[in-house]
Amino acid sequence: MADIPYLCPAGKATFKDSEVTKAHELIVPWNGEKVKGFGVLGAPLSKPSISHSGAASAPGAIRSAFSSYTTYAIEDNVDLKSIQLHDFGDVNMHVTDLIKSQQRIEDAFYEVFRSQTEMTPIIFGGDHSISSPSIKAFSKARGTVGVIQFDAHHDLRNLIDGGPSNGTPFRNLIESGTLKGENLVQIGIRSFSNSREYHDYGKDHGVSIYTMKDVRQRNITDILRESVNRLKEKVDVIYVSVDMDVLDQAFAPGCPAIGPGGMDSETLLEAVHYLGGEKSVRAIDIVEIDPTIDFRNMTSRIAAHVVLQFLNRSHKGEG
């Protein structure tokens, strides 16, 4: 092809502005060496979802969505182009055994978290069931963990009726002894999306619950500041879990469990920007995006923007 003018490999015949760095250029394949900075891992599992979900396709969709953005954050005058996101790839799931698939996530992630002690993992699900094995691995490798969960739902369903589904990850973590309820903060919980029984379970186990009413009436940064300060007194590291259905359906049409009354994208981005500057925050996952029902990749694009905002303040070294 080098001898034929204007002919490029398939998919490479795209415009390139020499003065613009696109965000997808930050993602580079892991070279097998120690990583100081950020690593990307995919957990393409959605078969444990209570409702139909194609979230197994989300890791690839989120990676692709980075091409929608540049690396320059004009509001903070920060350029992320010197950062590398080392891509460790995706966990290969078992076709029929869901428990084995979740165990594969835990085993693979543990080896990465254990060996890459200076790497902050950025994890692309998958449905929310992936957070349980991911946090189990993170806790085993990094110490006592606290979790800040953005979600419309408690995800504290019992494990008897349906097993470890996308509605049970935090019940699973509490009952396995991985996570103390008092070390779990839930933000964005919505009306008509949960039962009283699971709300009571959370309160009985010391979970800090901020509903959307709390988010509307208070500054999100104030909620996070008090949450982080409280967790830092009790845990070694903080893990952030972003269920994209915390967003109102107007902003995240690609979530299997869309609904009204949710958070707007600006609030979520502000929240993640704040958390990116907290040194105790050492991992983040993004879950519950179904690219097969998304509109113009809106939800995957927000997910990529969430990562960029997280990197933005981390890069500035604040916190």
Side-chain angles (χ1 to χ4, degrees), residues 37-38 73-78 80 83 120-123 131 135 138-139 142-156 170 173-174 179-190 199 202-203 205-248 251 261-287 302-303 305-319:
F38 302 93
I74 193 169
E75 296 174 22
D76 299 298
N77 193 28
V78 171
L80 304 178
I83 288 179
T120 298
I122 299 170
I123 298 149
S131 294
I135 293 169
F138 193 68
S139 178
R142 303 286 181 89
T144 305
V145 65
V147 175
I148 296 176
Q149 170 196 356
F150 294 91
D151 208 326
H153 311 94
H154 288 299
D155 287 354
L156 293 169
F170 299 102
L173 290 165
I174 290 171
L179 176 67
K180 291 182 178 180
E182 65 185 40
N183 295 338
L184 173 60
V185 178
Q186 299 185 326
I187 301 174
I189 304 299
R190 289 213 292 271
H199 182 73
K203 300 300 286 186
H205 285 78
V207 177
S208 297
I209 299 169
Y210 297 92
T211 67
M212 273 309 303
K213 183 177 181 180
D214 296 318
V215 173
R216 289 191 298 269
Q217 293 181 344
R218 297 185 57 186
N219 184 289
I220 189 65
T221 303
D222 290 340
I223 291 174
L224 290 170
R225 183 178 294 111
E226 72 180 24
S227 298
V228 169
N229 288 340
R230 184 169 63 248
L231 287 176
K232 284 195 296 189
E233 295 178 355
K234 300 181 290 184
V235 303
D236 299 315
V237 286
I238 296 175
Y239 181 113
V240 177
S241 184
V242 181
D243 185 326
M244 294 295 284
D245 69 27
V246 73
L247 294 172
D248 188 274
F251 299 94
M263 193 179 289
D264 60 35
S265 58
E266 182 181 2
T267 302
L268 179 60
L269 294 174
E270 180 185 349
V272 176
H273 182 266
Y274 175 83
L275 291 170
E278 288 291 335
K279 292 181 174 61
S280 56
V281 175
R282 295 302 310 275
I284 183 170
D285 72 32
I286 302 173
V287 298
I302 294 178
H305 212 296
V306 163
V307 175
L308 293 173
Q309 285 287 18
F310 184 73
L311 298 175
N312 179 10
R313 192 147 179 252
S314 300
H315 189 56
K316 290 168 68 176
E318 297 177 9

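D264 places a side-chain N or O within 3.5 Å of a backbone atom of T267 that can act as its donor or acceptor partner.
Between Y239 and L179 the shortest side-chain heavy-atom distance does not fall below 4.5 Å. Looking at F310 and T120, their side chains come closer than 4.5 Å, going by heavy atoms from C-beta outward. Looking at heavy atoms from C-beta onward, I187 lies out of side-chain contact with V246 at the 4.5 angstrom threshold. Side chains of V147 and N183 form no contact here, defined as non-hydrogen atoms less than 4.5 Å apart. By the 4.5 Å heavy-atom criterion applied to side chains, N219 and E270 are counted as neighbours. Here the side chains of V287 and S131 are in contact, with some heavy-atom distance below 4.5 Å. In this structure, the side chains of V228 and S280 come closer than 4.5 Å at one or more pairs of heavy atoms. Counting heavy atoms from C-beta outward, Q149 and D243 have side chains that stay 4.5 Å or more apart.
In this structure, the separation between CD1 on I284 and CD1 on I123 is 9.5 Å, given to the nearest 0.5 Å. Taken from OH in Y210 to CD in Q217, the straight-line distance is 13.5 Å, to the nearest 0.5 Å. Once rounded to the nearest 0.5 Å, the distance linking CG of L184 with CG of L156 reads 7.0 Å. Note: N312 CG to D76 CG = 4.5 Å, rounded to the nearest 0.5 Å. The CG atom of L231 lies 10.5 Å from the CG atom of L224; values are rounded to the nearest 0.5 Å.
In this view, S139 and V145, T178 satisfy the side-chain contact (heavy atoms from CB on, under 4.5 Å) rule, not counting sequence neighbours. For L269, the side-chain contact (heavy atoms from CB on, under 4.5 Å) partners two or more places apart in sequence, or in a different chain, are H305, V306, Q309. Residues passing the salt bridge (Lys or Arg N to Asp or Glu O under 4.0 Å) test with R225 are D222, sequence neighbours excluded. The side-chain hydrogen bond (donor to acceptor under 3.5 Å, both in side chains) check on N229 picks up nothing, with sequence neighbours excluded. Partners of H199 under the side-chain hydrogen bond (donor to acceptor under 3.5 Å, both in side chains) rule, at least two apart in sequence or in another chain, are H154.
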Start with the C-alpha gap between Y274 and I220, add the side-chain angles, then the distance that decides, and say whether side chain to side chain contact (heavy atoms under 4.5 Å, CB included) holds. CA-CA 9 Å; Y274 175 83; I220 189 65; over 6 Å; no
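Each salt bridge (Lys or Arg N to Asp or Glu O under 4.0 Å) pair with one or both residues in residues 226-238, not counting sequence neighbours, appears once here: R218-E226, K232-E278.
Listed here is the closest heavy atom pair of V237 and G143: CG2-O, 4.4 Å.
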